[in-house]
Protein chains: 2
Amino acid sequence: MSCPHTRQKILDCAEKLFARHGFHGTSLRRITADAGVNLAAVHYHFGSKDGLVEEVFKRRMGPLNEERMSRLEALRSGPGFDAEQVLRSFVEPTLRFAEQGEGNRDFLALIGRALIEPDEQIRRMFFDLVAPLFHLLLDLVCEALPHLSRDLLFWRLHFALGAMGRYLFLAGQRSSMNEAMGTVIPDLPAGDCLIGFIVRGLEGP
Amino acid sequence: MSCPHTRQKILDCAEKLFARHGFHGTSLRRITADAGVNLAAVHYHFGSKDGLVEEVFKRRMGPLNEERMSRLEALRSGPGFDAEQVLRSFVEPTLRFAEQGEGNRDFLALIGRALIEPDEQIRRMFFDLVAPLFHLLLDLVCEALPHLSRDLLFWRLHFALGAMGRYLFLAGQRSSMNEAMGTVIPDLPAGDCLIGFIVRGLEGP
DNA sequence: CTGTAATTCAAACGTTTGTTTAAATCCGAT
DNA sequence: ATCGGATTTAAACAAACGTTTGAATTACAG
């Protein structure tokens with residue numbers, strides 16, 4: 001552990017390539033070549049490709065989830081809250097995270113990917129990582145909108161996740177997409193645009 | 001072309017497996033084994049794996065897009081319309097499509113996948129297939145909500161796509177997910193729930 | 001029945017994949 | 001300086017992949 005240089009370079013390159021080309025679409029040889037390290041270094045430091053994937057997730061998901069969790073907990077301990085405050089506590093740290101560096105942005109595009117990951121093991125690992133957060137989120141939304149059933153809010157919350165996932169994905173792919181496709185993705189809207197969309201959808205009869 | 005039996009069985013199995021495990025995650029050997037046909041039949045009938053993917057899409061996307069298109073065109077030719085009518089013309093055929101058989105449901109989960117497909121060739125092929133529809137959709141939404149800028153509506157429309165994609169994906173994976181994960185996905189909400197979410201989000205200041 | 005094209009089949013092709021091995025190298029403590 | 005654990009390296013591994021081949025089989029028109 002004296003020289004974290006190799007470890008970190010592998011994680012950085014893997015994160016970027018996973019975000020751009022998916023997990024199955026990225027080979028260890030490509031990762032280690034980009035990182036300028038030996039192929040076997042992956043297995044030495046992470047045990048396997050799945051271990052690398054897991055570490056890529058945990059590295060940034062840890063701090064991000066902690067912040068979202070603490071904001072949600074603070075809300076619950078507070079005097080009262082509405083649905084918008086709940087959603088802001090979840091979405092805002094995510095979007096602010098995206099603005100703090102290219103690495104983070106790649107990582108968020110990665111989350112958008114993980115939401116519908118085909119590989120069962122990877123999806124399971126991701127779900128275990130976010131399940132507590134999602135349950136807390138659903139609980140608070142139910143508390144903020146007590147006149148709506150939990151099943152209904154379950155679905156609306158997933159619609160919200162889908163909308164945010166689309167935002168994260170397009171934001172991550174924007175530069176590479178604009179030059180490849182004819183379609184031009186306009187500038188990113190402020191986070192308020194996304195939050196407004198979600199809140200309006202979540203409330204309502 | 002006298003015996004479409006093989007062709008169709010390959011398409012059916014490929015559709016189901018692509019929906020469940022993604023494109024890279026599904027091998028031709030698995031497809032042909034499930035279909036009970038020879039491995040080489042894929043290349044005989046479709047030329048390549050990419051050719052098969054393309055045909056799986058076109059088979060159902062053709063009729064579905066035609067219906068959505070004609071409903072949108074009819075709306076444009078009519079006396080007047082609001083945003084909800086525009087979105088209904090797009091979403092309703094999609095959801096009704098999902099209720100007409102397991103094959104269709106698999107296909108819709110597949111669309112949810114294609115929206116963030118890593119492979120550039122496949123994503124390009126899919127985008128070319130839906131680009132005209134998306135542009136028409138955006139035009140009509142702009143016309144229905146003239147007080148909102150096109151860029152803003154571009155993003156809100158993508159949020160809507162993300163929400164619908166999440167619905168399609170979860171609907172397709174529901175049975176296999178409930179038994180695998182601890183999380184239980186409740187019964188599907190009526191399409192009105194999704195449409196309501198989207199419309200509320202799309203309108204607004 | 002015969003001959004021709006369409007279709008299926010088993011087998012192998014060359015690549016690429018994740019993974020493993022064992023030797024070589026580096027680095028800090030004695 | 002030297003030892004020992006940590007790290008890196010080149011090379012090879014078996015397995016799986018998409019693809020190709022050429023012969024075998026089927027289906028159908030003359």
Side-chain angles (χ1 to χ4, degrees), chain A residues 1-57 59 110 113-114 117-126, chain B residues 1-57 110 113-114 117-125:
Chain A
M1 196 69 68
S2 62
C3 175
H5 206 232
T6 299
R7 255 186 81 96
Q8 187 179 326
K9 272 203 291 184
I10 291 178
L11 285 173
D12 289 342
C13 288
E15 182 174 67
K16 176 180 298 185
L17 290 171
F18 285 158
R20 291 211 214 292
H21 307 106
F23 302 103
H24 278 93
T26 304
S27 69
L28 295 183
R29 282 169 174 81
R30 176 72 193 275
I31 293 172
T32 52
D34 280 22
V37 304
N38 188 273
L39 169 62
V42 170
H43 292 84
Y44 178 78
H45 286 285
F46 305 100
S48 66
K49 185 178 184 178
D50 280 0
L52 171 61
V53 172
E54 188 168 344
E55 201 53 37
V56 166
F57 268 106
R59 177 171 64 148
L110 203 60
R113 243 178 230 304
E117 168 59 32
D119 186 285
E120 195 151 335
Q121 251 184 316
I122 295 180
R123 192 174 52 193
R124 178 62 147 277
M125 183 266 297
F126 175 75
Chain B
M1 197 69 70
S2 60
C3 174
H5 205 232
T6 299
R7 256 186 80 97
Q8 186 179 325
K9 274 202 293 185
I10 291 177
L11 285 173
D12 289 341
C13 288
E15 183 175 66
K16 175 181 298 183
L17 290 171
F18 284 158
R20 290 210 216 290
H21 308 107
F23 301 104
H24 278 94
T26 305
S27 68
L28 295 184
R29 283 171 172 80
R30 175 74 191 275
I31 293 172
T32 52
D34 280 21
V37 304
N38 189 273
L39 169 62
V42 170
H43 293 84
Y44 177 78
H45 287 285
F46 305 101
S48 68
K49 185 177 185 178
D50 280 359
L52 171 61
V53 172
E54 189 168 344
E55 200 54 34
V56 166
F57 268 107
L110 202 60
R113 243 177 230 305
E117 168 59 33
D119 186 286
E120 195 151 337
Q121 253 186 312
I122 295 180
R123 192 173 55 193
R124 179 60 149 276
M125 184 264 297

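When reading the values below, keep in mind they use all heavy atoms of this one structure, side chains included, and skip hydrogens, waters and symmetry mates. Fair warning: this is a prediction, and the values are worked out from it, not measured in the lab. Letters A, B, ... mirror the listed sequences (proteins, then strands); counts begin at 1.
Rounded to whole Å, the distance from NE2 on B/His24 to C1' on C/dT16 is 12 Å. Computed from coordinates, the B/Leu17 CG to D/dC17 P distance equals 12 Å when rounded to whole Å. Atom P of nucleotide C/dC26 and atom NE2 of A/His5 are separated by 17 Å, given to the nearest angstrom. Put simply, CG on B/Leu39 is 15 Å from C1' on C/dT7, counting in whole angstrom units. Following rounding to the nearest Å, A/Glu54 (CD) and C/dG18 (C1') show an atom-to-atom distance of 17 Å. We find that CZ of A/Phe23 is positioned 17 Å from P of C/dT17, with the value rounded to whole Å. Atom NE2 of A/His43 and atom P of D/dT8 are 15 Å apart (whole Å). At whole-Å resolution of the value, CG in B/Leu28 and P in C/dC9 are 16 Å apart.
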Which pairs would a plain distance check flag for residues 33-43 of chain A, meaning a side-chain donor or acceptor within less than 3.5 Å of a matching protein atom at least two apart in sequence or in another chain?
| unit_1 | atom_1 | unit_2 | atom_2 | d |
| --- | --- | --- | --- | --- |
| A/Asp34 | OD1 | A/Arg30 | NE | 3.4 |
| A/Asn38 | OD1 | A/Ala40 | N | 2.9 |

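Nearest heavy atoms, A/Asp119 versus A/Glu117: N-OE2, 2.9 Å. Closest approach of A/Lys49 and A/Leu28 over heavy atoms only: CG-CD2, 3.9 Å.
Within the nucleic acid shown, B/Ala41 has no heavy atom closer than 4.0 Å to any nucleic acid atom. Among the atoms of the strands shown, none is found under 4.0 Å from any heavy atom of B/Thr32.
Along DNA chain D, the nucleotide closest to B/Ala40 and the one closest to B/Ser27 are compared, and the more 5′ of them pairs with B/Ser27. Comparing A/Tyr44 and A/Arg29, the nucleotide of DNA chain D nearest to each residue sits closer to the 5' end for A/Tyr44.
A sub-4.0 Å separation between OP1 or OP2 of C/dT8 and a side-chain N or O of B/Thr6 is present. Considering only side-chain N and O atoms, B/Asn38 lies under 4.0 angstrom from the phosphate OP1 or OP2 of C/dA10.
Looking only at side-chain heavy atoms (C-beta outward), A/Phe126 and A/Val53 stay at 4.5 Å or farther from each other.
No more than 12 heavy atoms of other residues, nucleotides or ligands shown are found within 6.0 angstrom of NZ on B/Lys16.
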